Amino acid sequence: MVSSVQGEDGSMHSNGSVHNSNGAEEKLDEFRSLLGKSDGDLLKIASVGAGAWGSVFAALLQDVYGQFREKFQIRIWRRPGRSLDRSTAEHLFEVINSREDVLRRLIRRCAYLKYVEGRLGDRILYADEILKDGFCLNMIETPLCPLKVVTNLQEAVWDADIVINGLPSTETREVFEEISRYWKERITVPIIISLAKGIEAALDPIPRIVTPTQMIQCATSVPVENILYLGGPNIASEIYNKEYANARICGAEKWRKPLAKFLRQPHFIVWDNSDLVTHEVMGGLKNVYAIGAGMVASLTNESATSKSVYFAHCTSEMIFITHLLAENPEKLAGPLLADTYVTLLKGRNAWYGQMLAKGDLSPDMGDSIKGKGMIQGVSAVGAFYELLSQPSLNVLHPDQNKPVAPVELCPILKTLYKILIKREVSVQAILQALRDETMNDPRERIEMAQSHAFYRPSLLSKP
């Protein structure tokens, strides 16, 4: 179990001891020098959005670098006004009292009483209020270190050297359009690290995909070389609990290599990669197919055989789709495959699929779920289906020898669209799709994709 204690400087550190500052301070100084920081000039990081991964990512940085108050500052923005209901307040109180280190911390900070009052129903607790004490609304059972929380977006980002996008892809464009208004007068160009996994489909004037980094670039006009994507095989709570994990930061070489070094920790290894497109698209695709994985797991009582059949088909569709978007995408192997695997195995999208299959949730309830946040795979199903069903993108069907929309070669994606978006078939349809005797061998779909015959440069707005 991970514990947290307070160092003499007031900062919180995981694992029950103050971090060894030597290596961390050297990394901090090295990165500050790349930004041209002078003594007394803080490296300022703003994390926008307070979902599970965004909150954990901010807390990881606070744990390592927060002790250097003269050199480093991180703050996290979330919207104000989100209240906890009585059952959540009661559960949070149970979590607090089950963790002696957290209980002692709150008592020392004179913050415990409000949770007692929240438990009794004598006080309303708010999400931004509890986040200051290290509790993320979407991840109550994993207490984090205390964080500096601001509810004014302009205050959070106006002078930030690095902005972390922890928003759902469905909110990224709107929020960064607002941020751009606060940056009109700034001289230095910020670095933006996007954690968002999802896409939008733009159909006019030509069908194309829009990724979160593209949304950010369009909204802010920040140069592409300053916008990066970080993804990897990770479950937010497990990473904060110091389970060994790795990730990739993708983008232009100018910043990805220095950032990989700056973000790396003993339990969280960060590599760098130039293939931004494949990693970001896969980040959206894995959430699509994770929902189906959860359905299959629940409907077959966790049948390993059924789940492996689903895995074979869904990964072949993912490979096919990425070859539509990039001429030579990175192979679905290594960390990229591991990221897909862990998302299909465990995560909010897989959980959502399981709950749908069990009847505990229904598509009519929407894709923002209490205690879990936004289920990003739902909107991604709609976006990928709409995009790949456009006649202008037709490809030659290998068996029927006639032009068809690319989505016709992705039966699982089609089925998920019918279940989640059209709501015209039941969850059982996912098993029927797997058992369709006319379905091609997944290997054939992969070979088709790798022939490069289906590459469509226009999908990424390339000439």
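The model shown is predicted, which means the values in this text are computed figures rather than measured ones. Residue numbers count from 1 along this sequence.
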Is there a donor-acceptor contact under 3.5 Å from the side chain of Gln390 to the main chain of Glu386? yes

Just by distance, with hydrogens left out, do Glu280 and Thr213 show a side-chain donor and acceptor under 3.5 Å apart? yes

Is there a donor-acceptor pair closer than 3.5 Å between any side-chain N or O of Arg456 and the backbone N or O of Asn394? yes

State whether Tyr240 and Lys242 meet the cation-pi test: NZ (Lys) or CZ (Arg) under 6.0 Å from the six-membered ring centroid, and within 45° of the perpendicular axis. yes

Donor-acceptor pair, distance only, cut-off 3.5 Å: does the side chain of Gln217 make one with the backbone of Ile227? no

Polar side-chain atom of Ser55 near backbone of Ala50 as donor-acceptor pair, under 3.5 Å: yes

The criterion is side-chain hydrogen bond (donor to acceptor under 3.5 Å, both in side chains); which residues satisfy it with Ser87, sequence neighbours excluded? Asp85, Lys370

Does the Asn226 side chain pair with the main chain of Pro190, one donor and one acceptor, at a distance under 3.5 Å? yes

Would you call Glu171-Arg79 a salt bridge at under 4.0 Å N-O? yes

Distance col, row Leu195:CG vs Ser169:OG, nearest 0.5 angstrom, shows 12.5 Å

Side chain Trp77, main chain Thr151, donor-acceptor under 3.5 Å: yes

Compare all side-chain heavy atoms of Glu238 with those of Lys346 and state whether any distance is below 4.5 angstrom. yes

Could Lys372 and Trp351 be counted as a cation-pi pair, given that NZ or CZ must be under 6.0 Å from the ring centre and within 45° of the axis? yes

Filter on ring pair (Phe, Tyr, Trp, His ring centres under 6.0 Å), then keep only pairs touching residues 256-276, sequence neighbours left out; what's left? Phe31-Phe262, Tyr65-Phe262

Do Ser303 and Thr305 have a side chain donor and acceptor closer than 3.5 Å? no

Any sub-3.5 Å donor-acceptor pair from Arg75's side-chain atoms to Lys148's backbone N or O? no

Check: Arg423 side chain, Pro363 main-chain N or O, donor-acceptor pair, under 3.5 Å: yes

Test Val288 against Leu413 for side-chain contact (heavy atoms from CB on, under 4.5 Å), laying out the working first. CA-CA 8 Å; Val288 167; Leu413 176 60; 4.0 Å; yes

Verify the distance criterion only: is there a donor paired with an acceptor across the side chains of Glu330 and Asn273 at less than 3.5 Å? yes

N-O pairing of Asp272 and Lys257 below 4.0 Å: yes

Polar side-chain atom of Asp367 near backbone of Met374 as donor-acceptor pair, under 3.5 Å: no

Is there a donor-acceptor pair closer than 3.5 Å between any side-chain N or O of Arg186 and the backbone N or O of Thr188? yes

Going by ring pair (Phe, Tyr, Trp, His ring centres under 6.0 Å), name the pairs with one or both residues in residues 401-444, residues two or more places apart or in two chains. Tyr385-Tyr417

